[in-house]
Each structure stands twice: as C-alpha cells, then as structure tokens.
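We name chains A, B, ... by the order of the sequence lines, and we start the count at 1 in each one. Here the structure is a predicted model, which means the values were calculated and not measured.
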Number of protein chains: 2
Amino acid sequence: MKEGPDIAFLGSLIGDPARANMLTALLSGKALTASELAGEAGITPQTASAHLSKMEAAGLLQLRKQGRHRYFALADDDVGSLLEAMMGFAAKKGHLRTRTGPKDPALRYSRVCYNHLAGDLGVRMMDSLLAKNFLTPETEGLGLTGDGKAFFEEFEIDFEPLEKLRRPLCKSCLDWSNRRSHLAGSLGNALLTRFYDLGWAKRVENSRIVAFNPKGEKAFLKTFPV
Amino acid sequence: MKEGPDIAFLGSLIGDPARANMLTALLSGKALTASELAGEAGITPQTASAHLSKMEAAGLLQLRKQGRHRYFALADDDVGSLLEAMMGFAAKKGHLRTRTGPKDPALRYSRVCYNHLAGDLGVRMMDSLLAKNFLTPETEGLGLTGDGKAFFEEFEIDFEPLEKLRRPLCKSCLDWSNRRSHLAGSLGNALLTRFYDLGWAKRVENSRIVAFNPKGEKAFLKTFPV
DNA sequence: TTCATGGTTCGATGATAAGCGAAGTATTGT
DNA sequence: ACAATACTTCGCTTATCATCGAACCATGAA
C-alpha cells in the first residue's frame with residue numbers, strides 16, 4: 001500500500017495482448033463466458049483463467065456466476081471509457097504495432113472462436129453475408145433475412161435443431177486480429193461444423209487453428225465472395 | 001501494419017514502472033533532460049535512453065535538442081489527459097501495487113535525483129522545510145523565505161555561488177516512490193553536498209543510493225523534523 | 001588540442017510472467 | 001450413479017524485455 005505509480009500497474013494490465021483482446025471483446029457491453037473470452041484471445045482456458053482473475057482482482061471486470069458458467073463483463077462504465085480513450089488515442093497516433101499477438105500467425109487467418117469461425121476468413125464470411133443481404137444488422141444483434149434463410153438451406157444447414165436452442169441464432173463477435181466482426185451464435189456454429197462435414201477444413205490438434213485444405217479454401221472463397 | 005489491438009501496445013508502453021515514472025514526472029508540464037528523467041526513475045542513463053526513444057517513437061514524447069542536452073516533454077495535451085485519466089481511474093479503484101518498482105528498496109529511502117536528494121528522506125526534508133515556513137509554494141516553483149535563508153546560512157550553505165547560476169534556486173520535483181515532492185534546484189544540490197561534507201552520508205558506488213550512516217541519519221532527522 | 005559532460009549504442013544477463021499440459025474441483029445432464 | 005462440461009490450480013518451459021557495464025559519439029569548456 002505504498003509504492004510506485006499505479007498507472008504502471010494499470011498499464012501493464014491492459015498492456016498484455018491477450019488481456020487487451022478480451023477487454024476489447026467485452027467493449028460490446030455483453031457479458032461473455034471464460035471460454036468465449038479464451039477463444040476471443042486465441043489462448044487456452046487455463047491461461048485465460050489466470051488473466052481473468054487478475055483483471056477481476058484489479059477491478060476491471062465484474063463476475064457473475066451462473067451455473068457452471070462464469071460470465072465476465074466490464075466492471076463499470078469507467079472501464080469502458082478508459083478503454084475507449086486509449087483506443088482513440090492510439091488511433092490518433094496511428095500506432096503501428098510491433099509486438100506479435102498470441103502465438104501463431106495462422107491463428108489470424110482462421111481459427112475457432114468458441115465454436116464458430118474467426119480470423120480473416122471469419123470476417124470475410126460475415127462481410128459477404130451482409131453485402132448480399134443475407135444478414136442484416138438489427139437493434140440487438142443480427143437478423144436473418146428471407147434470402148439468407150434460403151441461402152443457408154441451400155447450403156444444407158438444418159434450422160430445426162437450431163431454433164430450439166436458447167442460444168441466439170445470429171450474433172456478431174468482435175475479432176481481435178483485425179477489429180472487425182464475424183458471425184457467432186448457433187448459426188455460426190452450424191456453419192463451422194458444415195465446413196468440417198464438407199471436408200473443407202479441420203481443427204488442428206491442440207490449437208485453435210482451423211486448417212483449410214486447398215480445395216476447401218477455394219470453395220469457401222467462392223461461396224463467400226467479397 | 002496489421003495486428004492485434006493497439007491498446008496493448010499503448011498499455012505496455014505505460015505499463016513499465018520506469019517509463020511510468022518518467023511520464024508522471026513530465027506531467028508537471030516542464031521539459032526535463034534525459035539524465036534528469038533517469039534520476040527520476042531511478043535507473044541508469046543507458047536504460048533511460050532506450051525508454052525515451054521508444055516513447056518518442058510512439059508519439060508520447062516530444063524532443064527538443066538544445067546544445068548537448070535533450071529535453072523531453074509530453075508530446076501534446078492528449079498524452080497528459082490520458083495519463084490523468086489513468087491516474088484518476090487507478091486512484092478510484094485503489095490499486096494496490098504488487099509489482100516491484102526499480103531495483104533496490106534502499107532507493108526508495110534515499111537516493112540522488114540528478115544532483116539532489118530524493119526518496120523518503122528527500123520528501124521528509126521538503127515537508128519539514130515547508131512546515132517551518134522556510135520555503136513557500138509560489139506560482140512558479142518555490143520561494144525562499146527570510147527565515148529560510150537564515151536557517152540555511154546557519155547550516156553553512158553558501159548562497160553566493162548559487163545565485164550566479166542560471167539554474168533556479170528552488171524547484172520542487174515529483175518523487176516516484178511516493179508521489180510527493182522533494183527539493184530540487186541548486187539549493188537542493190547544495191544541501192546534498194553539504195550532507196556529504198558533514199560526513200552524514202555518501203554515494204554508493206555504481207548506484208543512485210545515498211547511504212546515511214547511523215549518526216548522519218539521526219542528525220538529519222533532527223534537523224528536519226516532521 | 002585535450003578534457004569533461006550529456007547521450008547513445010551494443011552485448012550480455014537476469015527476472016518476470018505468459019503460455020501450455022496435466023490433473024483437479026464444481027455443476028449440470030442422463 | 002455416471003459422464004460430460006466449465007473452469008481452476010499446479011508445475012514447468014520459454015520469451016520477452018528491462019537493466020547494466022563498457023565502449024562510443026557529440027558538444028562544449030579549458
């Protein structure tokens with residue numbers, strides 16, 4: 001209770017890439033589970049757990065236990081404002097990052113975020129779906145259009161089981177690797193498993209990387225043009 | 001030019017104790033030389049140099065070369081505001097620091113800051129001088145009272161050479177180890193050398209630590225009571 | 001010129017902490 | 001009861017980066 005400047009502590013807390021990714025993901029205002037945040041940051045749950053408890057102890061995060069889930073959210077508006085301020089400042093100065101984010105650059109290209117596709121490909125898919133008007137931004141989350149439903153049925157997504165779930169069908173999720181949104185929710189989940197089933201891609205063992213094979217990648221790019 | 005969240009970079013920049021100390025020292029608005037900042041942070045000039053160039057490259061600091069000195073100041077008001085915001089936030093949350101500041105805990109007790117006494121003892125001296133009305137806070141810096149002048153002459157400080165110098169006589173200097181001010185300026189300098197001459201203390205080789213011997217410390221505490 | 005001072009660059013060392021695997025604790029579902 | 005899921009704790013490895021010593025450059029003083 002006696003010591004150097006506390007802004008150093010605060011800065012170092014935000015200064016870690018993994019933590020910063022989680023924080024920016026939480027800037028949406030939603031509460032996310034520990035595993036979701038781990039996915040968002042591209043790290044394993046254990047590591048995420050350590051980060052999260054640190055941030056909670058520091059008063060940056062607020063924890064709500066619910067069943068076997070632990071939902072984390074920004075502690076209060078002050079945290080959000082501070083993060084916004086820092087982002088604004090960084091943007092103004094046009095900081096070119098040098099430090100490497102989490103591990104693998106392949107993670108930036110395509111990875112799982114919890115249970116759906118994230119990374120460059122995830123963002124591309126989202127952009128494509130929005131551009132073709134298959135999805136529309138709505139007040140709370142995302143909406144599925146008629147054309148969209150047709151498109152996904154053509155793609156052999158089975159909507160029946162999805163609609164029974166309590167989880168929202170479409171949800172947008174901020175991507176740490178390029179600060180844009182990709183598709184989450186049960187639809188995002190279903191699409192990813194469909195990619196697996198089609199043999200386009202598969203999970204790399206012990207990693208969040210989603211490895212597309214050459215023809216899978218080609219097909220993907222054709223299916224979701226920019 | 002493609003990467004993770006820039007707030008991580010910014011945070012890590014501010015997150016280092018040494019850099020944070022320099023930044024808070026610069027919050028006074030004054031421009032300080034590289035060596036002064038090194039003293040302020042309790043690190044060697046080489047290390048400070050590395051930190052300073054990093055911060056300048058990141059757009060946090062502004063550099064003005066003048067003769068063989070390099071004066072650093074906060075780049076603009078935005079930097080100041082951001083630091084203020086972070087300090088306010090940290091204060092509100094009452095962060096208790098865990099990370100150790102620069103090296104040695106003895107540094108926190110008494111060390112040289114450029115050419116004058118800093119650390120707990122430096123702050124104590126300043127407090128004492130203010131309480132006894134030997135120094136007074138003025139609009140720009142510190143003022144020496146009549147009583148003060150008498151006191152220092154009693155203490156055998158020779159004012160003649162000091163008044164010829166271009167450097168200000170009294171100057172307050174923010175102390176990183178406890179966020180309070182100590183006495184800088186040529187008077188601060190003169191006092192420190194007087195302590196050496198009196199045999200109260202001496203510099204530890206290759207360190208910024210000012211080691212008081214037992215009787216020197218006792219005399220010091222008596223001379224500058226709280 | 002020579003010396004001193006303010007700063008920087010380089011190389012090596014060391015401490016801190018991020019990350020993961022493996023094993024453990026809860027809680028929910030069947 | 002059993003199994004599966006969500007998350008944590010522990011121990012270890014690895015990388016990063018702050019720090020310092022030593023040597024080097026530049027400016028100013030004698």
Side-chain angles (χ1 to χ4, degrees), chain A residues 4 8-9 11-22 31-39 41-57 63-72 97-104 107 114-115 165-167 204-209, chain B residues 4 8-9 11-22 32-39 41-57 61 63-72 97-104 107 114-115 166 204-209:
Chain A
F9 176 64
S12 70
L13 217 48
I14 304 176
D16 177 80
R19 283 193 291 262
N21 289 326
M22 301 195 210
L32 298 174
T33 69
S35 332
E36 285 172 320
L37 287 166
I43 55 180
T44 56
Q46 312 94 300
T47 311
S49 182
H51 287 310
L52 290 168
S53 45
K54 249 177 239 180
M55 293 195 281
E56 201 221 340
L63 169 60
R64 175 167 46 99
K65 303 186 189 187
Q66 190 166 295
R68 54 183 160 184
H69 292 278
R70 324 201 90 201
Y71 282 91
F72 289 91
R97 295 270 288 104
T98 52
R99 258 176 118 173
T100 69
K103 244 181 171 164
D104 209 317
L107 276 175
Y114 199 42
N115 56 13
L165 297 172
R166 357 178 175 14
R167 294 190 58 190
V204 174
E205 191 66 31
N206 280 333
S207 156
R208 329 209 114 265
I209 298 173
Chain B
F9 177 63
S12 71
L13 217 48
I14 304 177
D16 177 80
R19 283 193 288 261
N21 290 327
M22 300 195 210
L32 297 174
T33 69
S35 332
E36 284 172 319
L37 288 166
I43 55 179
T44 56
Q46 314 95 298
T47 311
S49 181
H51 286 310
L52 291 168
S53 45
K54 248 175 240 183
M55 291 195 282
E56 201 221 338
L61 298 184
L63 170 59
R64 174 167 47 99
K65 304 186 188 185
Q66 190 166 297
R68 55 182 159 186
H69 291 278
R70 325 199 89 202
Y71 282 91
F72 288 91
R97 295 269 291 103
T98 52
R99 259 178 116 176
T100 69
K103 242 180 172 169
D104 208 316
L107 276 176
Y114 198 45
N115 56 16
R166 352 165 180 30
V204 174
E205 191 68 28
N206 280 334
S207 155
R208 329 208 115 265
I209 297 172

(Q) Need one value for A:K65: base, sugar-phosphate or nothing, where a base atom within 4.0 Å counts as base even if backbone is also close, heavy atoms only. (A) nothing

(Q) Quick check: closest heavy atoms across A:Y71 and A:A31, and the distance to 0.1 Å? (A) CD2-O, 3.7 Å

Q: Can you see which heavy atom on B:A8 is nearest to which on A:P17, and at what distance?
A: CB-CA, 3.9 Å

Is there a side-chain polar atom (N or O) of [X] under 4.0 Å from OP1 or OP2 of [N]?
{"X": "A:K54", "N": "C:dA18", "result": "yes"}
{"X": "A:T47", "N": "C:dA18", "result": "no"}
{"X": "A:T44", "N": "C:dG19", "result": "no"}

For residues 44-52 of chain B, run the donor-acceptor check on the side chains, cut-off 3.5 Å, and write out each pair with its distance to 0.1 Å, sequence neighbours left out.
{"from": "B:T44", "atom 1": "OG1", "to": "B:Q46", "atom 2": "OE1", "distance (Å)": "2.9"}
{"from": "B:T44", "atom 1": "OG1", "to": "B:T47", "atom 2": "OG1", "distance (Å)": "3.0"}
{"from": "B:H51", "atom 1": "ND1", "to": "B:R19", "atom 2": "NH1", "distance (Å)": "3.0"}

Q: Taking the side chain as every heavy atom from C-beta outward, state whether B:M22 and B:I43 have any atom pair closer than 4.5 Å.
A: yes

Interatomic distance, [X] [atom1] vs [N] [atom2] [rounded to whole Å]:
{"X": "A:H51", "N": "C:dG19", "atom1": "NE2", "atom2": "C1'", "answer": "8 Å"}
{"X": "B:Q66", "N": "D:dG28", "atom1": "CD", "atom2": "P", "answer": "10 Å"}
{"X": "A:L37", "N": "D:dT8", "atom1": "CG", "atom2": "C1'", "answer": "15 Å"}

Q. Hey, what do you get for CG (A:N21) to CG (A:D16), rounding to the nearest 0.5 Å?
A. 8.5 Å

Q.
Would you compute the distance between atom CG of A:L37 and atom CZ of A:R70 and round it to the nearest 0.5 angstrom?
A. 12.5 Å

Taking N or O atoms only and anything under 3.5 Å, show me the protein contacts with nucleotides 1-8 of chain C, one pair per line.
{"from": "C:dT5", "atom 1": "O2", "to": "B:R68", "atom 2": "NH1", "distance (Å)": "3.2"}
{"from": "C:dG6", "atom 1": "O3'", "to": "B:R68", "atom 2": "O", "distance (Å)": "3.3"}
{"from": "C:dG7", "atom 1": "OP1", "to": "B:R70", "atom 2": "N", "distance (Å)": "3.2"}
{"from": "C:dG7", "atom 1": "OP2", "to": "B:S35", "atom 2": "N", "distance (Å)": "3.2"}
{"from": "C:dG7", "atom 1": "OP2", "to": "B:S35", "atom 2": "OG", "distance (Å)": "2.0"}
{"from": "C:dT8", "atom 1": "OP1", "to": "B:R70", "atom 2": "NH1", "distance (Å)": "3.0"}
{"from": "C:dT8", "atom 1": "OP2", "to": "B:S49", "atom 2": "OG", "distance (Å)": "2.8"}
{"from": "C:dT8", "atom 1": "O5'", "to": "B:S49", "atom 2": "OG", "distance (Å)": "3.1"}

